[in-house]
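Just below is one structure, and these are the notes that go with it.
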Amino acid sequence: VAHCEADVNNNTPVEVAAKNPVPEFKWHILWEFVKPELFALIGAVVLAFGAAILNIQIPLMLGNLVNVVARYLREHTGNYIHEIRGPALKLLGLYGIQGLLTSGYIILLSRVGERVAADMRKTLFACLLRQDVAFYDANKTGQLVNRLTADIQEFKSSFKLVISQGLRSITQTVGCFVSLYVISPKLTGLTVVVLPCLVGAGALIGSVLRRLSRLAQEQVAKATGVADEALGNVRTVKAFAMEERERQLYALEVDKSCEMNENLGAGIAVFQGLSNIALNCIVLGTIFAGGTLISNNEMSPGDLMSFLVASQTVQRSLASISILFGQMVRGISSGARVFEYLSLEPTIPLSGGGRIPYHSLIGRVDFMDISFSYPTRPGQQVLKRFNLTLPPCKTVAIVGESGGGKSTVAALLERFYDPTSGVIMLDGLDIRTLDPSWLRAQVIGFINQEPVLFGSSIMENIRFGKPEATDAEVINAAEQANAHRFITSFPDGYNTMVGERGVTLSGGQKQRIAIARALIKNPNILVLDEATSALDAESERVVQEALDRATRGRTVLIIAHRLSTIQGADLICVMSNGRIVEAGTHSELLSKGGLYSDLIRRQRAEGQK
Ligand code: ADP
């Protein structure tokens with residue numbers, strides 16, 4: 001059935017999700033993260049609000065206290081202690097409550113901030129892991145890691161600061177506005193007319209700053225990417241004595257980011273300078289307008305004084321809001337960068353789709369009329385109407401010039417990418433209808449002979465192929481892969497830690513661990529991407545022996561970068577220009593005298609040099 005459905009979306013080109021150059025901050029995504037912490041957040045807001053209200057009260061109480069002292073100084077009558085005790089105790093009480101509220105809201109807010117950040121990290125990481133291989137062709141890992149670390153950090157601190165400080169400044173602004181209104185509605189009305197104009201101008205400058213901030217952060221990530229690549233491949237850098245060039249490359253990117261951040265700083269500075277000027281002009285304007293009101297007997301000089309004092313408080317609060325605004329600009333652009341990938345769905349889902357029961361799986365693969373270009377390079381067609389059948393339990397090797405598309409065939413079988421057109425069948429079913437996680441985890445064993453090991457024990461590295469495997473299964477797989485003997489010769493045996501990239505193991509040892517890792521899942525189909533770098537003869541022999549054992553009874557696809565090891569294959573296919581031009585056994589192809597015999601001759605000649 002699936003066979004017939006296979007052609008339906010045959011011609012849909014594989015697309016990398018278009019990279020949105022300006023990630024937008026999506027409030028509904030933030031809401032999803034904040035929702036579980038809503039009660040704590042509301043609690044924090046209420047407490048912070050309370051603390052802010054008390055902050056308005058405390059100066060008034062202080063004023064009462066000062067009045068008592070002043071009266072006592074003036075009149076020298078009555079009992080000072082007796083009189084001062086009431087207001088003093090009241091003030092002390094307020095201090096206490098204010099302190100409690102403050103620590104309360106900080107505790108709640110840091111809880112909310114930390115949990116939201118942790119949740120974001122976990123979600124973003126899961127989302128990144130879910131993406132297609134094509135996504136990683138288009139995005140540098142350094143930049144992605146930066147989103148998990150720096151951007152989330154920045155977002156978290158902005159989030160906390162904006163809520164705590166912002167709340168206080170806003171409460172004070174509002175509180176003082178109320179006092180202003182009580183003192184003189186007319187004068188307040190004037191302020192209210194002027195203010196929206198200022199806010200509008202502020203928003204305009206703000207949006208420019210936001211863009212600068214985003215560009216600057218992207219540049220930081222780019223610099224990090226350069227460092228990441230150089231440090232991650234430090235051996236190659238050293239082997240080519242490229243330290244100086246890498247240093248220059250990094251310095252160039254860092255200087256660029258320095259310049260951009262300086263510009264951002266300058267932008268924020270101008271913004272703050274302008275807002276200070278504006279606020280001062282409000283004071284000046286108030287005196288001017290208030291003077292007019294006084295001369296019309298609509299206001300007393302004392303009222304004007306109070307109005308000025310209150311408006312000073314508003315000014316201070318607004319100034320702190322403008323500082324916070326800078327923080328918020330940065331927080332929002334970090335947040336947007338964090339959110340950018342959260343809603344990105346991979347074109348190839350991780351799981352979902354049909355499975356073939358283990359006992360009825362035959363392991364026949366057909367590549368039918370496959371055309372393919374990498375999504376990052378749509379102009380270059382790597383496979384052109386490529387056809388190939390992997391018969392069950394047979395070994396098929398693909399040879400051909402480097403860059404001819406051999407590894408691409410393996411990548412398509414793994415469903416790292418979907419073909420631009422054509423169908424890949426497993427036992428007659430389009431693999432796009434099958435469950436990719438089942439396909440990868442259970443059906444296909446992939447042995448890359450330039451393997452990457454994870455920074456953990458050998459045991460864990462082999463178990464990576466089948467997380468639920470017992471120790472006995474791991475050892476069995478290692479034995480099949482000719483790895484058991486060398487592993488047990490280590491003092492720590494299977495618990496030996498292999499370095500970040502397995503630097504403590506030789507090439508042949510790493511290869512055998514990779515073979516064990518693939519064999520432990522007992523796959524029906526084995527894909528061998530042969531090493532391009534040669535091993536010494538002895539290692540080559542043990543590895544080859546392990547591979548011969550591993551391939552028995554399985555459908556095998558060998559991507560051969562060298563010809564010496566595949567002469568026993570059931571079928572050898574020669575690839576050229578994205579399709580197969582010759583196929584047959586070693587001796588058939590030799591006697592034919594075509595491309596294959598050319599390749600063999602060339603390689604022999606090279607070997608003799
Ligand atoms: P082979 O295995 O025969 O050496 P590949 O299948 O690795 O060849 O590559 C075939 C072509 O596809 C090459 O031109 C290569 O540059 C290109 N290519 C390989 N991988 C990618 C990728 N991830 N993104 C874009 N182009 C790629």
Side-chain angles (χ1 to χ4, degrees), residues 13-19 128-129 131-144 225 229 232-233 346-348 365 367 369-388 390 395-422 424 436 440 444 446-452 511 514 525-534 547 556-566 569 571-583 589 594-596 598-600 602-603 606:
V14 187
E15 276 172 28
V16 195
K19 259 180 54 178
L128 290 177
L129 281 182
Q131 297 306 319
D132 300 333
V133 174
F135 174 83
Y136 287 92
D137 289 342
N139 292 285
K140 278 204 167 167
T141 46
Q143 293 186 7
L144 299 177
E229 192 169 74
N233 303 310
T347 28
I348 303 172
V365 177
F367 291 85
D369 260 344
I370 303 292
S371 297
F372 178 70
S373 324
Y374 281 95
T376 44
R377 264 189 247 164
Q380 182 200 6
Q381 206 174 24
V382 180
L383 300 182
K384 295 164 200 144
R385 306 189 75 92
F386 172 89
N387 285 286
L388 174 67
L390 310 181
T395 297
V396 175
I398 304 184
V399 301
E401 274 165 5
S402 145
K406 302 183 294 293
S407 305
T408 305
V409 173
L412 290 179
L413 179 58
E414 280 271 358
R415 266 199 100 195
F416 287 159
Y417 308 88
D418 276 337
T420 322
S421 69
I424 301 173
R440 293 169 184 158
I444 304 175
F446 187 75
I447 303 179
N448 187 330
Q449 291 190 32
E450 273 155 20
V452 176
Q511 290 191 8
I525 300 172
L526 207 54
V527 178
L528 302 181
D529 201 340
E530 277 207 329
T532 42
S533 54
L547 285 176
V556 180
L557 175 65
I558 302 182
I559 309 300
H561 296 288
R562 290 173 299 149
L563 303 177
S564 52
T565 51
I566 48 133
L571 185 72
I572 297 174
C573 302
V574 184
M575 247 186 118
S576 171
N577 267 330
R579 67 176 72 158
I580 285 169
V581 289
E582 261 179 26
L589 288 176
L595 216 59
Y596 181 74
D598 273 358
L599 284 172
I600 290 273
R602 229 187 296 159
Q603 209 160 66
E606 272 169 20

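We count ligands from 1, going down the list as the structure has it; atoms in each ligand are counted the same way.
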Find all atoms of ligand 1 within a distance of less than 4.0 Å from any non-hydrogen atom belonging to [X], and give their numbers and elements.
X      : value
Thr376 : 24 (N), 25 (C)
Asp137 : 22 (C), 23 (N), 24 (N)
Ser402 : 4 (O)

Please check this pair: side chain of Thr420 against backbone of Ser373, looking for a donor-acceptor N/O pair closer than 3.5 Å.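 Flag set: sc Thr420 to bb Ser373 pair under 3.5 Å.
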Is it the case that the side chain of Asn387 and the backbone of Asp369 share a donor-acceptor pair, with hydrogens and angles ignored and the cut-off at 3.5 Å?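 Side chain of Asn387 to backbone of Asp369: a pair is present.
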If we only consider heavy atoms of Tyr417, is any one of them less than 4.0 Å away from an atom in ligand 1?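 Flag set, Tyr417 near ligand 1.
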Check whether any heavy atom of Glu401 sits under 4.0 Å from an atom of ligand 1.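 It does; at least one heavy atom falls under 4.0 Å.
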Heteroatom proximity flag, Gly404 to ligand 1, N/O under 3.5 Å: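 The answer is yes, given that Gly404 and ligand 1 share an N or O pair closer than 3.5 Å.
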Is Val382 in polar range of ligand 1, meaning some N or O pair under 3.5 Å apart?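 The answer is no, given that Val382 and ligand 1 share no N or O pair closer than 3.5 Å.
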I'd like to check [X] versus [Y] (side-chain heavy atoms, cut-off strictly below 4.5 Å). Are they in contact?
X      : Y      : value
Ile398 : Val409 : yes
Leu528 : Ile559 : no
Phe135 : Leu128 : yes
Cys573 : Leu388 : yes

For the residue pair Thr408 / Tyr374, report whether a side-chain donor-acceptor contact shorter than 3.5 Å exists.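 Yes - a donor-acceptor pair under 3.5 Å links their side chains.
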Nearest protein heavy atom to [atom], by residue and atom, and its distance?
atom                    : result
atom 8 (O) of ligand 1  : Gly405 N, 3.1 Å
atom 19 (C) of ligand 1 : Tyr374 CE1, 3.4 Å
atom 7 (O) of ligand 1  : Ser407 CB, 3.6 Å
atom 13 (C) of ligand 1 : Gly403 O, 3.7 Å
atom 16 (O) of ligand 1 : Arg377 NH1, 3.3 Å
atom 5 (P) of ligand 1  : Thr408 OG1, 3.6 Å
atom 14 (O) of ligand 1 : Gln380 NE2, 2.9 Å

When you look for heavy atoms under 4.0 Å from ligand 1, do you find them on the side chain of Lys406, its backbone, both, or neither?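 Lys406 to ligand 1: contacts from backbone and side chain alike.
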Greater than 12 external heavy atoms within 6.0 Å of Asn577's CG: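 Count not over threshold, so no.
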Decide salt bridge (Lys or Arg N to Asp or Glu O under 4.0 Å) for Glu530 and Lys406; before the verdict, give the C-alpha distance in whole Å, the side-chain angles of both, and the deciding distance to 0.1 Å. CA-CA 11 Å; Glu530 277 207 329; Lys406 302 183 294 293; over 6 Å; no
Check the angle between the aromatic planes of Phe386 and Phe367 and answer parallel, tilted or perpendicular using the 30° and 60° thresholds.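 The rings of Phe386 and Phe367 stand perpendicular, inter-plane angle above 60°.
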